[in-house]
Amino acid sequence: MSIEAKEEFRPKIVAFCCNWCSYAGADLAGSSRLGYPADVKIIRVPCSCRVNPMFILRAFEKGADGVIMCGCHPGDCHYSTGNYYARRRMTLLFSMLDYIGVENGRTRVEWVSAAEGVKFSTTMNEFVEKIRSLGKNVRLEDLRCRK
Amino acid sequence: MMKYSYYPGCTLRTKAKDLDAYARASAKALGFELEEIENWQCCGGVYPLGSDEIATKLSSVRALNEAKEKHQDLVTLCSACHHVIKRVNDDMQNVEDIRTRANNYMKLEEPYAGETTVLHFLEVLRDRVGFDTLKEKVTNPLTGKKIGAYYGCLLLRPGKILQFDNPENPKILEDFIRAIGAEPVIYPYRNECCGGYISLKEKDMSKNMCNNIMESAEGFGAEMLITACPLCLYNLNNSVQNGLPVYYFTELLAEALGVKEEVAKA
Amino acid sequence: MQEVINRAKELLADGTVARVLGWKAGDLPYNPEPAYFESVESLEDFVYNGFCGANLSKYMIEASKLEGKTMVCLKPCDTYSFNQLIKEHRVDRDKAYIVGVGCKGKLDIEKIRKQGVKGIESIKGAEITDEADNLTIQTLYGEKTCSYADAMLERCHVCKGKEHKIYDEIIGESKDTKDADRFTEVARIEAMSPEEKFAFFQKELSKCIRCNACRNVCPACSCRKCVFDSNKFDSAQKANVDSFEEKMFHIIRAFHVAGRCTDCGECSRVCPQGIPLHLFNRKFIKDINEFYGDFQAGEDTEARGPLTDFTFDDVEPGIVGERG
Amino acid sequence: MSKEKKQAELIKEISGVNPLKCMKCGKCSATCPAYNEMDIKPHQFVSYVANEDIETLVQSKSLWKCLSCFACVERCPRDVKPGKLIDAARQIVVRQKGQNYLKADEIPELLDPELPQQLLVSAFRRYRR
Amino acid sequence: MQRIGVFVCHCGSNIAATVDVKKVAEMTLLEPGVVHAEDYQYMCSEAGQEKIIAAIKEKNLTGVVVCSCSPRMHETTFRKAAEKAGLNPYMVEIANIREHCSWIHKDMEEATEKAVILARAAIAKVNLNAPLKPGESRVTKRALIIGGGIAGIQTALDIADAGYEVDIVEKEPSIGGRMSQLDKTFPTLDCSACILTPKMVEASAHEKIHIHTYSEVEKVSGFVGDFTVDIRKKARYVDMDKCTGCGVCQEKCPSKKAASEFNRGLNTRSAIYTPFAQAIPNVPVIDTENCIKFKTGKCGVCSKVCQAGAIDYTQKDEIITEKYGAIVVATGFDTIKLDNYDEYAYNQSKDVITSLELERIMNAAGPTKGHLERLSDGKAPKEMVFVQCVGSRCSDDRGKPYCSKICCMYTAKHAMLIRDKYPDVNVTVFYIDVRTPGKNFDEFYRRAVEQYGVNYIKGQVGKVIPQPNGKLLVQGSDLLDNKQILKEADMVVLATAIEPNPGVRKIATMLTASIDTNNFLTEAHAKLRPVESPTAGIFLSGVCQGPKDIPETVAQAGAAAVKAIGLLAKDKLMTNPCTAQSDELLCNGCSTCANVCPYGAITYEERQVNDHGIRETRRLAVVNSALCQGCGACTVACPSGAMDLQGFSNRQILAEVDAICQ
């Protein structure tokens with residue numbers, strides 16, 4: 001063990017939330033005071049199908065340690081079918097990331113409805129825990145952008 | 001011939017030899033074999049509820065693992081063994097902490113994670129042999145006998161884990177009774193506890209409970225009771241004066257299949 | 001070859017087509033290049049042999065804009081790309097006169113070189129009609145031979161079949177040269193530890209010089225303007241600055257062609273650095289087949305691509321972790 | 001942490017039960033076949049653990065009257081499982097040395113020739129360390 | 001470069017207690033483009049909005065970031081304020097520092113740091129915002145009500161009275177729903193049919209109301225104001241126009257063994273049937289599963305006896321397609337199956353019944369013609385036991401975790417009615433809690449105890465034990481006396497939990513209306529928008545949204561109607577300007593985007609373009625912004641990045657990503 005006190009690892013986590021279900025679920029988690037670590041920052045998108053793999057790679061490039069995407073449950077998409085496309089896209093993208101050796105678990109998809117404040121909070125707590133256990137993202141980040 | 005790993009348990013080796021012998025003879029008549037696993041150790045008779053207990057679960061894990069290595073399902077006959085082994089198996093499947101610690105103790109070549117299917121002899125009859133097939137093989141139907149099935153508590157509960165039958169309204173023994181040609185008598189106390197565990201020290205209490213069971217069964221017209229549990233058999237027989245006769249279900253099975261005499265001779 | 005030339009002359013002469021899209025000889029015996037022939041005379045330069053690996057489908061995007069029909073020579077595997085381009089409205093079927101040319105596997109000069117053959121002067125046995133199993137190579141250092149099969153492009157070992165999926169007429173025989181499973185290498189990588197996977201791709205991709213040859217040759221990468229050249233994603237790049245950007249480029253490229261890539265293998269064929277780029281595309285193809293059922297892009301011009309389709313009970317992205 | 005709190009925590013840990021989930025419907029007590037023999041009733045067990053009054057609990061007769069028949073566990077609508085709490089309390093007692101409810105020298109007089117092995121084995125498991 | 005103003009709200013202490021709002025304002029001033037930053041107690045207040053307006057005017061702001069509660073709360077408020085000041089409303093972005101920050105974090109430093117980052121992301125986005133203008137879409141002046149129970153009927157009447165056309169789709173052969181099965185209603189003990197049937201008649205006679213019974217919604221497309229719905233009218237095999245409702249067919253039908261759905265299976269009905277005497281429409285249907293004609297080809301009795309010649313065995317299901325501006329869901333409830341609760345012996349004994357079955361038994365038109373009797377032997381009971389919370393308040397996955405809300409009151413009603421009509425019958429109620437909030441409700445319950453002598457015992461029942469003598473032994477707790485009770489009863493009535501009608505999940509999926517884990521439809525806001533679904537144009541009426549009694553259902557039905565009328569009264573709707581747009585210079589014309597568009601909003605045109613001097617005709621994607629709902633599926637499908645979403649552009653989202661990961 002080093003003598004210096006080990007500084008606690010505070011991961012950077014980007015959460016893409018669809019406007020209709022998951023963002024509302026996050027709001028419900030808030031109004032129910034169901035906490036989760038401040039490491040999670042939410043970006044509102046109209047639908048999970050708006051999430052371009054580019055956004056996720058860009059987040060990693062800029063130093064994110066984990067990226068999670070939340071959308072309406074399959075079958076409940078506000079736009080009927082958006083999350084079905086998102087599901088395929090993310091499945092393939094995650095598989096590719098796994099293929100090139102990015103640790104499993106840095107990416108996640110979770111379906112959270114507007115009524116699932118509890119699920120939102122638990123999911124975020126779990127995800128942060130997972131990312132903390134994986135440690136810093138060294139495989140994908142762009143070192144230039146670190147301050 | 002279909003082979004199953006078989007876990008007899010302590011009581012079937014001693015006081016409940018009949019339960020065991022009739023089962024083996026019946027199995028043969030039905031076309032499957034119970035292959036006793038080697039060096040089995042007593043399951044302990046009670047499922048250790050403490051979530052921190054490991055050592056007391058190991059004998060079950062050993063038996064389960066041996067069946068796994070033989071690629072066989074593990075059959076039990078005694079309700080208590082069945083209860084303990086099935087619950088330990090569920091722990092090994094679903095409780096990571098117990099699985100890890102048990103495997104650490106066991107030092108197996110390949111860790112055990114609940115792969116074995118645990119079947120009660122009755123489940124073999126129902127799900128593998130089929131009660132319809134059993135009915136066909138009966139040579140000596142017990143026609144006209146009115147039999148009350150006594151389940152007790154260990155076979156059925158907790159329903160979610162044992163997945164044996166509807167814990168509040170079971171029917172496997174009734175179906176069994178029909179298959180051997182007799183008439184089942186359904187009575188509400190069939191899944192109530194007989195107090196077997198406390199009969200050693202609280203005789204009056206268990207007597208009371210046995211009386212309720214007997215009276216209810218008798219009231220609905222039962223002429224005899226059958227059970228799968230040596231403890232229940234003992235307790236029902238000993239706590240009630242002049243109660244209904246109580247038999248192991250395997251004894252009636254052997255009788256119906258016409259193999260009872262063989263066993264008696266052996 | 002002569003049969004193709006004769007037919008091309010006829011079609012040009014009777015005005016059926018305004019030009020012929022084929023190959024002409026390069027400066028070396030093994031580097032013929034795509035070319036247009038607009039007159040009967042110019043067809044003297046037309047060649048078609050084992051080194052004509054280039055997929056001419058993509059050239060039809062531009063040719064579709066020209067006056068008159070173009071006769072295009074497509075090998076069986078090229079027709080998949082052409083179909084895919086029809087599906088995406090990128091080529092005009094009516095502007096193409098497709099001559100399905102025979103193919104018995106195309107050759108990879110690098111494979112010949114790797115066998116220690118240097119100073120190549122001429123190669124016999126690469127002719128399309130030739131039934132020879134071996135190539136006879138005249139070099140500065142004398143005659144060498146090597147088996148045709150050993151010199152084939154990787155993609156020919158996993159040949160999709162000898163059938164042309166779309167054509168106006170077929171000239172010459174084709175041969176199914178498949179003798180390997182196309183997912184073997186992908187599966188080998190999948191089985192690696194994350195560290196090994198990462199090391200493997202880092203090693204391969206660090207060779208990338210962002211010359212864009214892969215992108216330029218790819219029939220699926222047919223965007224008028226690539227996202228990596230536009231400001232739509234703030235992603236216009238000149239060169240890679242770090243290892244991440246190479247990865248990003250190749251992942252996104254593979255993602256954009258996922259469900260559209262016919263696995264023609266041109267990307268790997270043209271990469272000057274020898275990066276096995278097809279491993280990205282094949283990974284997606286393998287996943288698509290496993291997750292959503294077998295799909296071959298370019299099989300026809302109708303089927304919905306797997307990324308523009310779904311079922312209610314598709315696998316969840318979590319499958320990636322569960323699969324281990 | 002006080003001794004009471006520690007013991008309550010231990011019971012919760014061993015049993016895996018959260019007593020706060022109880023809505024005090026009394027279905028466990030309505031179900032229990034040993035109810036009349038008990039001084040502290042099954043539904044009260046939950047309150048005693050929630051209130052961290054473990055001392056009273058481990059002194060109670062009920063500990064030894066519970067049949068472990070799981071009827072309360074099966075029927076509890078809130079997944080509280082009072083039977084597990086009772087068993088955990090019993091564990092606390094038998095794990096303390098010399099607190100065996102069943103003494104070895106008691107056994108011979110309890111024996112009868114028909115007694116199944118299983119009963120002895122389980123009595124030992126239940127009542128002794 | 002934008003000129004951005006940042007406004008940080010304290011929200012009283014909701015934000016300010018955990019986030020250092022001054023510091024947030026201070027820090028944001030350092031961000032590019034920010035020329036103004038201030039904090040205020042309540043930004044959403046009149047005074048707060050004034051501050052925004054003033055700053056926009058004074059500092060010529062081109063963009064505004066409000067750090068406050070969720071945009072789902074006040075985005076519209078702040079956008080309107082900006083508009084008042086002459087700024088395009090879409091130049092306003094919200095940083096959610098309440099729900100996503102102050103309310104979930106405890107540490108001030110941490111929360112403040114996060115608030116600053118969220119503000120930065122919003123600022124980065126606004127820097128790339130562009131003014132947007134909403135479009136318009138039309139409103140079809142017709143409403144669809146799914147479900148013809150009291151909720152659906154009331155909503156239909158209210159909407160129709162306001163002058164709009166209404167269609168009711170009911171899957172059963174008659175409207176009326178659960179309420180038609182009830183005998184009396186609490187707390188005034190009116191006869192249910194007496195108050196319901198006039199409403200049913202009113203609805204069927206209303207010229208604006210069109211009732212489709214024995215029908216189901218098959219397909220829904222479109223969006224608020226402009227839904228297109230396919231309705232399947234199942235074949236009745238009876239001509240609605242010819243049938244006179246004389247009932248002879250039912251009388252003569254030789255197949256009379258089908259379990260009566262209306263009487264909860266307690267007696268039987270004929271294969272051709274109307275569910276109950278006052279059915280609307282009074283036209284029977286043939287249940288083909290039990291009809292001898294359909295099973296064997298022989299019979300045809302009904303056709304022979306029908307004077308009107310209304311029987312038509314060749315009838316087929318029919319699909320009708322209609323357009324609607326608003327849709328109201330009023331699908332109601334059913335009682336849960338009791339297979340998980342065999343300790344109460346419901347499956348073992350005929351004398352253990354559900355409360356809804358008791359309603360039928362007490363009803364003069366029911367299986368026992370209104371006589372209270374045991375179904376096993378027809379004897380009159382002397383001891384009745386009621387068990388409350390059967391399957392309600394169960395968090396163990398056997399039942400439902402919620403309180404079914406109506407059971408306490410209807411059990412008091414049942415107890416009272418029995419004691420009133422049969423004074424020699426003893427009634428005991430086992431309860432966990434008696435919950436009677438509501439006008440005159442507790443008084444009602446107390447009357448049952450004080451006036452009618454109903455014996456209430458606090459404690460749940462553990463087991464119902466059928467006895468050889470035909471009686472039922474009820475083993476329960478008396479928690480107040482700390483006793484275990486064994487009570488012999490003749491009948492046991494289970495207050496069975498209610499659950500949303502099982503078909504509602506399929507309907508919710510068609511409507512893309514969100515639904516919770518218990519299958520109740522989610523409201524747009526739990527307190528402030530309780531009768532609207534988050535999906536625009538979909539309204540909720542009755543128990544489909546949560547357990548309620550009749551007065552509440554009727555009140556909510558009216559509220560849903562008013563919301564629907566509010567929508568139908570508009571001629572045009574402003575559409576969301578955050579729609580997709582294709583850059584014609586980048587578009588490949590490949591159709592990928594159109595393939596994933598759920599609204600068919602993308603079409604293709606051959607158009608002349610001038611691409612840096614190259615003039616050519618290209619096949620280009622064109623987005624119909626009236627149809628586009630702005631999901632963004634196309635933007636990701638598009639490989640070239642030609643397709644982008646206004647308000648959520650690629651560059652805007654990337655800017656947010658960059659700001660967060662900075």
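Only this structure's heavy atoms are used, side chains among them; waters, hydrogens and symmetry mates stay out. Everything numeric in this text was worked out from a predicted model, so none of it was measured.
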Contacts of type ring-ring contact (aromatic ring centres under 6.0 Å, His included), residue E:Y456, not counting sequence neighbours = E:Y431, E:Y445

task = Quick one: closest heavy-atom pair of D:R78 and E:S395, and the distance?
result = CA-OG, 3.3 Å

message = Between D:C28 and chain E, with a heavy-atom cut-off of 4.5 Å, which part of the residue counts as in contact: side chain, backbone, both or neither?
response = neither

ask   = Between E:Q484 (side chain) and D:C32 (backbone), is there a donor-acceptor pair under 3.5 Å?
value = yes

request  = Nearest 0.5 Å please: distance from the CD atom of E:Q475 over to the OG1 atom of D:T31.
outcome  = 6.5 Å

inquiry  = Within the supplied structure, the quantity of interest is the number of heavy atoms (other residues, nucleotides, ligands) at a distance under 6.0 Å from D:K6 NZ; does it exceed 12?
reply    = no

ask   = What's the spacing between D:M23 CE and E:C394 SG if we round to 0.5 Å?
value = 6.0 Å

query = Can you tell me how far the CZ atom of E:F430 sits from the NZ atom of D:K27, to the nearest 0.5 Å?
reply = 13.0 Å

key: Best-contacting candidate, D:A71, D:S29, D:C72, D:P77, against chain E by heavy atom pairs under 4.5 angstrom   = D:P77

ask   = Is any NZ, NE, NH1 or NH2 atom of the basic residue among D:E74 and E:R398 found under 4.0 Å from an Asp or Glu carboxylate oxygen of the other?
value = no

query = chain D: which of E:E343, E:K458, E:K463 shares the most heavy-atom pairs with it under 4.5 Å?
reply = E:E343

note = Value for SG (D:C25) from CD (E:Q388), rounded to nearest 0.5 Å, stands at 13.0 Å

ask   = How long is the span from the OG atom in E:S477 to the NZ atom in D:K24, to the nearest 0.5 Å?
value = 13.0 Å

request  = May I ask you to list the residues in residues 37-52 of chain D that approach chain E closer than 4.5 angstrom, counting heavy atoms only, ordered by number?
outcome  = D:K41, D:H43, D:Q44

message = So for E:N482, is it side chain, backbone, both, or neither that comes closer than 4.5 Å to the heavy atoms of chain D?
response = both

